[in-house]
Amino acid sequence: MKNIKKILVIGVLVTASLIIIGCGKSDNGTSSTVNSDSTANESKVEETTKVQANKTRTKTSDFKQGETLGTIGMIDLDENSLFPKAGFIEAGGSSILGFDENKGERATCSFKQECVDKRSAEEIWHVEYSEDLERIPDILKGLTLIWDSFFEDGRMYKMYSEQQYEVIVDNTEKINYSGVDFIKEEGHIDITRKDPSNTYDPELVRTGYIAYYYFSPEGAGSSAADDVFGYGMGMAVWLIRPADMSNTEEAKTMEENYEKLKKSSEASMNTLTSYKIIYGSGK
């Protein structure tokens, strides 16, 4: 009988060098990899920076489903209303993957955000730290504990120890919201058998993701207290429920949901509002 992987939740470290930590790694050794050739070829950022029209919120009550992005501000996840509430996982900040709204059914879409400071990157995650926006995407894809969490608790997909996954970058571009530069990355994740002769699991399961990478400076908020939301290398990631690609109907639904994902994630990012605007006037 297969051992379903368990999530070890890493708590929030509220210290001088704070990190908002997500779900931890299980102990059964499922591996994850990044396709280095594909990443090298596809992750070159387009020269032109797109500037998006912002749907500014001026006070906290304007956010129906507010989510912080480090010290740079907040976005409104209410823009993900294209997906049913029972099928959408929020997993930002210190939250554990999944909420009561999920009602036990697998989620159609999920969202996760991370902001990693220098000390946490080097001493906890054991990854390089950089303030160079163009280097951040490759570094943060090295946070395998975070990427693992999308598949390990079963709310998105029950990935077993006999399976492995690969993050594959399809397209990147530099984009600007409210004066903040991001690298937007579109890609897919392929879940395959470690041993091709093991025919119990599907040959190929695929999901699509949208990631926005950014740098969140210390002290960028309206007050020093805003640093508690995290500073350093940041990312906001949306994914859709994986599909068995041998099932034509499932694969079609997955592709349709990915198109929804593109629209809803961009709509949410368009609501980015800085803390200076939200709290600067005391509202």
Side-chain angles (χ1 to χ4, degrees), residues 42-43 45-46 48-57 62-69 72-92 95 97-99 101-102 105-114 137 140-141 146-147 150 155-157 167-190 205-214 234-243 245 248-274:
E42 300 293 345
S43 63
V45 180
E46 291 182 4
T48 303
T49 298
K50 292 186 178 180
V51 179
Q52 300 295 313
N54 180 254
K55 302 175 185 177
T56 303
R57 272 73 166 147
D62 291 335
F63 292 84
K64 295 181 181 179
Q65 215 173 333
E67 178 63 59
T68 62
L69 290 187
I72 63 176
M74 295 178 67
I75 61 174
D76 197 343
L77 289 183
D78 189 59
E79 301 295 334
N80 290 286
S81 57
L82 284 170
F83 296 93
K85 287 289 184 183
F88 177 73
I89 295 176
E90 299 171 72
S95 304
L97 263 177
F99 282 87
E101 281 184 347
N102 199 42
E105 65 181 82
R106 289 191 180 176
T108 303
C109 171
S110 66
F111 168 83
K112 185 82 178 79
Q113 69 87 19
E114 288 295 321
L140 292 189
K141 282 199 290 291
I146 300 304
W147 294 90
F150 289 113
R155 289 186 178 91
M156 284 287 283
Y157 178 75
V167 180
I168 301 168
V169 179
D170 295 324
N171 182 59
T172 62
E173 62 179 325
K174 186 173 285 186
I175 197 163
N176 184 288
Y177 295 96
S178 296
V180 179
D181 284 335
F182 293 80
I183 289 182
K184 177 183 178 182
E185 183 176 281
E186 298 178 3
H188 61 281
I189 302 174
D190 286 350
V205 174
R206 177 171 290 170
T207 181
Y209 74 91
I210 307 288
Y212 291 86
Y213 299 95
Y214 59 93
M235 67 176 175
V237 185
W238 283 261
L239 294 94
I240 51 169
R241 181 169 56 208
M245 298 306 287
T248 304
E249 186 176 348
E250 278 191 23
K252 180 181 178 183
T253 300
M254 186 272 290
E255 293 294 344
E256 291 172 349
N257 282 338
Y258 188 54
E259 293 306 311
K260 291 181 183 178
L261 190 74
K262 292 179 183 180
K263 294 176 182 178
S264 65
S265 60
E266 183 171 323
S268 288
M269 291 299 294
N270 265 316
T271 67
L272 176 66
T273 307
S274 75

* To do: Evaluate the side chain to side chain contact (heavy atoms under 4.5 Å, CB included) criterion for residues T108 and K260: first the C-alpha distance (whole Å), next the side-chain angles of each, then the deciding distance (0.1 Å), finally the verdict.
  => CA-CA 11 Å; T108 303; K260 291 181 183 178; over 6 Å; no
* Structure fact -> Residues Y214 and M235: closest non-hydrogen pair is CE2-N, 3.5 Å
* To do: Would you please test F182 and I72 for side chain to side chain contact (heavy atoms under 4.5 Å, CB included) and show each step?
  => CA-CA 11 Å; F182 293 80; I72 63 176; 3.8 Å; yes
* **Spacing of T273 atom OG1 and M74 atom CE [to the nearest 0.5 Å]** => 8.5 Å
* Structure fact -> Taking every heavy atom of Y177 against every heavy atom of M269, the minimum-distance pair comes out as CD2-O, 3.4 Å
* Structure fact -> Sequence neighbours excluded, the answer for salt bridge (Lys or Arg N to Asp or Glu O under 4.0 Å) partners of R241 is none
* Which heavy atom in D76 sits nearest to a heavy atom in G66, and how many Å separate them? -> OD1-N, 4.2 Å
* Heavy-atom distance under 4.5 Å between the side chains of N270 and E266, does that happen here? -> yes
* Structure fact -> Residues at least two apart in sequence or cross-chain that pass side chain to side chain donor-acceptor pair (under 3.5 Å) with Y157, listed by chain then number, are Q163
* When rounded to the nearest 0.5 angstrom, what is the spacing between OG1 in T68 and CD in Q113? -> 4.5 Å
* To do: Using ring pair (Phe, Tyr, Trp, His ring centres under 6.0 Å) as the criterion, point out the one residue from W147, W238, Y258, F111 that pairs with Y209.
  => W147
* Say you draw a straight line from CG of L239 to OG of S265; how long is it, rounded to the nearest 0.5 Å? -> 10.5 Å
* To do: Could you tell me the separation between the CE atom of M245 and the CZ atom of R206, rounded to the nearest 0.5 Å?
  => 5.0 Å
* Just how far is it from atom SG of C109 to atom CG of N257, taken to the nearest 0.5 Å? -> 8.5 Å
* Minimum heavy-atom distance between A211 and V237, given as atom pair plus value -> CB-CG2, 4.1 Å
* Asked: Just by distance, do the side chain of T207 and the backbone of I240 share a donor-acceptor pair under 3.5 Å?
  -> yes
* Asked: Which atoms form the tightest heavy-atom contact between G208 and L261, and what is the distance?
  -> O-CD2, 4.0 Å
* Asked: Who passes salt bridge (Lys or Arg N to Asp or Glu O under 4.0 Å) against E259, sequence neighbours left out?
  -> K262
* To do: Would you name the heavy atoms of V205 and P242 that are closest together and state the gap between them?
  => CG1-CB, 3.5 Å
* To do: Look only at the side chain of S178 and the backbone of L272, and say whether a donor-acceptor pair between them is shorter than 3.5 Å.
  => yes
* To the nearest 0.5 Å, how far apart are CD in E114 and CD1 in I146? -> 3.5 Å
